[in-house]
Amino acid sequence: MGEMSSFQLGIIGALFLSVASSVSIVICNKALMSNLGFPFATTLTSWHLMVTFCTLHAAQRFNLFESKPIDMKTVVLFGILNGVSIGLLNLSLGFNSIGFYQMTKLAIIPFTVLLETIFLKKQFSQNIKLSLLLLLVGVGIASITDLQLNFVGTILSLLAIITTCVGQILTNTIQKRLNVSSTQLLYQSAPFQAAILFVSGPLVDQLLTKQNVFAYNYSPIVLAFIILSCIISVSVNFSTFLVIGKTSPVTYQVLGHLKTCLVLTFGYTLLHDPFTDRNIVGILIAIFGMGLYSYFCTQENKKKQADPLGSQMKEKDAAPFLGPQKEGHEVKNLNKDSLV
C-alpha cells in the first residue's frame with residue numbers, strides 16, 4: 001500500500017508540474033511573441049532543448065541521477081522523430097488557420113488510440129471512448145473558431161499528427177520496456193532533438209515569418225523573456241517525459257487539453273483576451289469529459305487489481321489523472337536496449 005501511495009503521489013506531482021510549467025511557458029511565450037514581436041517559435045524550441053540538455057548534464061555531473069546508456073540507433077531516431085514532430089506542428093500552424101490547427105491537435109487523441117489498438121493491442125472501453133469524445137467536443141467548442149483548408153496545410157497537419165503520436169507512444173514504450181526513467185531518456189535524446197531543430201529552425205521560421213532570426217534586434221527585455229522561457233522549458237520537457245512514462249500518451253493528450261482550457265481562462269482573466277459564452281460552455285464540457293476519463297480509468301484499474309490474471313490477458317489503457325496505475329508488461333533483461 002505504501003508503494004502504491006507513493007506511485008500515486010508521483011503521478012499527481014508529475015501532472016501538476018506539467019500543467020503549471022506548460023501554462024507558465026504559454027503565457028511567457030505569448031508575451032514574447034505577441035507583445036514583444038519575437039516570432040521565431042521553432043528556433044526558440046531548439047534553445048529550450050539545448051538548455052534542458054545542459055541542465056540535465058550538470059545534474060548528472062553532480063550525481064543527481066544516473067545516466068543509463070541506450071542503444072544509439074534508438075536514441076538518434078527517437079530524437080530526430082520528436083524534433084521533426086515539433087517542426088511539423090509549427091509549420092502546420094503557419095500554413096493553416098487557427099481553427100484547423102486546433103483540429104489537428106484534437107485529432108492526435110483518436111489517432112493515438114487507433115495506433116495503440118492496432119500495433120500495441122491495447123483495448124479501450126466504451127466508457128473511455130465516450131469520455132474522450134466528450135472532451136474533444138468540449139475543447140472543439142471552446143477553441144475552434146474557423147476552418148480554412150488548403151492542400152499543403154492539410155498534408156503538413158497529417159504528418160504532424162503521425163509523428164507526434166508515434167513519438168509519444170515511443171516515449172512511453174521506451175521507458176517501460178527498456179526500464180529507463182524519464183530523466184535518463186530525455187538526457188539521452190535531447191541533444192538530437194535540439195540538433196535537428198537548431199539546423200531546421202531558422203529555415204522554418206524564415207519561411208513562416210519572412211524574417212531572419214539572426215538579424216533580429218534583441219533588446220534586453222526580449223533577451224530576459226527568452227531566458228525565462230528557456231528556464232521554464234526545462235520543467236516542461238522533463239514533466240512531458242515524466243507524465244507519458246508514468247501514465248500513457250492518451251492521458252498526456254487529455255492533460256494537454258486541460259492546459260488549453262486553463263490557458264483560455266488565464267488569457268481572459270490576466271490578459272483580457274476575448275471570451276464568449278461559447279468558450280465557457282466548451283470548457284465546462286471538456287472538464288466534465290476529463291473528469292469522466294479519470295473516473296473510468298480509476299474504476300478499470302481497480303478491476304485490474306482485483307483480477308490480475310484477466311488484466312494480463314486483456315491490457316487496457318487506464319491511466320487516470322489521480323488514480324493508481326500499474327505498469328504494463330515490462331521487458332527486462334534485454335540483450336540490447338533497442339526498440340527501433
Side-chain angles (χ1 to χ4, degrees), residues 3 6-29 32 42-83 85-86 167-168 170-199 201 223-247 249 251-252 255-256 259 327 330 332 337-339:
E3 183 179 349
S6 176
F7 185 76
Q8 184 175 353
L9 287 175
I11 292 178
I12 295 174
L15 294 170
F16 177 80
L17 178 62
S18 179
V19 171
S21 58
S22 294
V23 172
S24 299
I25 203 169
V26 166
I27 294 173
C28 177
N29 288 349
L32 179 62
T42 309
T43 302
L44 180 63
T45 304
S46 72
W47 298 343
H48 288 169
L49 288 163
M50 284 190 289
V51 171
T52 298
F53 171 72
C54 292
T55 303
L56 290 177
H57 184 68
Q60 191 268 332
R61 293 295 295 271
F62 282 103
N63 297 320
L64 297 180
F65 73 94
E66 181 181 354
S67 176
K68 181 175 181 179
I70 306 173
D71 177 77
M72 185 58 65
K73 180 184 175 183
T74 298
V75 172
V76 171
L77 292 180
F78 174 74
I80 291 175
L81 177 66
N82 279 283
S85 169
I86 295 170
Q168 291 181 358
L170 283 177
T171 300
N172 178 270
T173 304
I174 290 174
Q175 290 185 57
K176 289 185 175 180
R177 293 192 177 179
L178 301 187
N179 197 26
V180 296
S181 69
S182 55
T183 307
Q184 291 168 332
L185 179 58
L186 179 59
Y187 178 60
Q188 295 286 335
S189 62
F192 300 101
Q193 296 182 58
I196 192 71
L197 290 175
F198 189 75
V199 172
L223 289 174
F225 269 88
I226 290 174
I227 293 171
L228 178 61
S229 180
C230 288
I231 292 173
I232 299 173
S233 73
V234 177
S235 293
V236 174
N237 290 324
F238 173 74
S239 62
T240 296
F241 278 61
L242 189 62
V243 168
I244 295 176
K246 284 184 173 294
T247 58
T251 295
Y252 176 74
L255 187 68
K259 298 171 193 174
E327 292 190 2
E330 286 190 20
K332 296 183 178 180
D337 288 347
S338 175
L339 287 176

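Both backbone and side-chain heavy atoms feed into the values below; hydrogens, waters and symmetry mates do not.
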Are Leu32 and Leu44 close enough, and set up right, to give a side chain to side chain contact (heavy atoms under 4.5 Å, CB included), and what steps lead you there? CA-CA 11 Å; Leu32 179 62; Leu44 180 63; 3.9 Å; yes
Does any N or O in the side chain of Thr240 come within less than 3.5 Å of the main-chain N or O of Val236, such that one atom is a donor and the other an acceptor? yes
Considering only heavy atoms from C-beta outward, does the side chain of Phe238 approach that of Thr52 to under 4.5 Å? no
Is Lys176 reaching over with its side chain to a backbone N or O of Lys246, donor-acceptor style, under 3.5 angstrom? no
How long is the span from the CG atom in Asp71 to the CG atom in Leu178, to the nearest 0.5 Å? 8.5 Å
Are the side chains of Ser233 and Ile25 in contact, using a 4.5 Å heavy-atom criterion? yes
Can a donor-acceptor pair be found, under 3.5 Å and without considering hydrogens, that links the side chain of Ser21 to the backbone of Leu17? yes
So SG of Cys28 and CD1 of Ile226: to nearest 0.5 Å the spacing works out to 9.5 Å
Between OG1 of Thr42 and NE2 of His48, what distance do you get to the nearest 0.5 Å? 11.5 Å
All heavy atoms of Leu242 vs all of Ala14, minimum pair found to be CD2-CB, 3.5 Å
Would you say that Gln175 contacts Leu186 through its side chain, given a criterion of any heavy-atom pair below 4.5 Å between the two side chains? no
Check the pair Gln184, Ser67 against side chain to side chain contact (heavy atoms under 4.5 Å, CB included), reporting the backbone distance first and the verdict last. CA-CA 6 Å; Gln184 291 168 332; Ser67 176; 5.9 Å; no
Under 4.5 Å between any side-chain heavy atoms of Met50 and Trp47, yes or no? yes
Between Ile231 and Val51, does the side chain to side chain contact (heavy atoms under 4.5 Å, CB included) criterion hold? Intermediate values first, please. CA-CA 8 Å; Ile231 292 173; Val51 171; 5.8 Å; no
Give, for atom CG of Leu170 and atom OG1 of Thr74, the distance between the pair rounded to the nearest 0.5 Å. 9.0 Å
Pairwise distance CD1(Ile244) to OG1(Thr171) - rounded to 0.5 angstrom: 4.5 Å
If you count the non-hydrogen atoms of other residues, nucleotides and ligands that lie under 6.0 Å from CZ in Phe65, is the total more than 12? yes
Given Leu255, which of Ser18, Ser22, Ser239 fulfils the side-chain contact (heavy atoms from CB on, under 4.5 Å) condition? Ser18
Are the side chains of Asn82 and Ser189 in touch, meaning some heavy atoms are under 4.5 Å apart? no
Take Val180 and Ile70 through the test side chain to side chain contact (heavy atoms under 4.5 Å, CB included) and record every step on the way to the result. CA-CA 9 Å; Val180 296; Ile70 306 173; 4.1 Å; yes
Once rounded to the nearest 0.5 Å, what's the spacing between atom CG of Leu228 and atom OG of Ser24? 8.5 Å
I'd like to know if the side chain of Gln60 and the backbone of Leu56 have a donor-acceptor N/O pair within less than 3.5 Å. no
Does any part of the side chain of Phe241, heavy atoms only, come nearer than 4.5 Å to the side chain of Ser181, both counted from C-beta? no
Find out whether Phe78 and Gln188 are in side-chain contact, i.e. whether some heavy atom of one side chain is under 4.5 Å from a heavy atom of the other. no
In the structure I gave you, are the side-chain heavy atoms of Phe198 and Gln193 within less than 4.5 Å of one another anywhere? no
For the student: nearest non-hydrogen atoms of Leu197 and Gly83, plus distance: CD2-O, 3.3 Å
Asn172 (side chain) donor-acceptor with Pro249 (main chain) under 3.5 angstrom: no
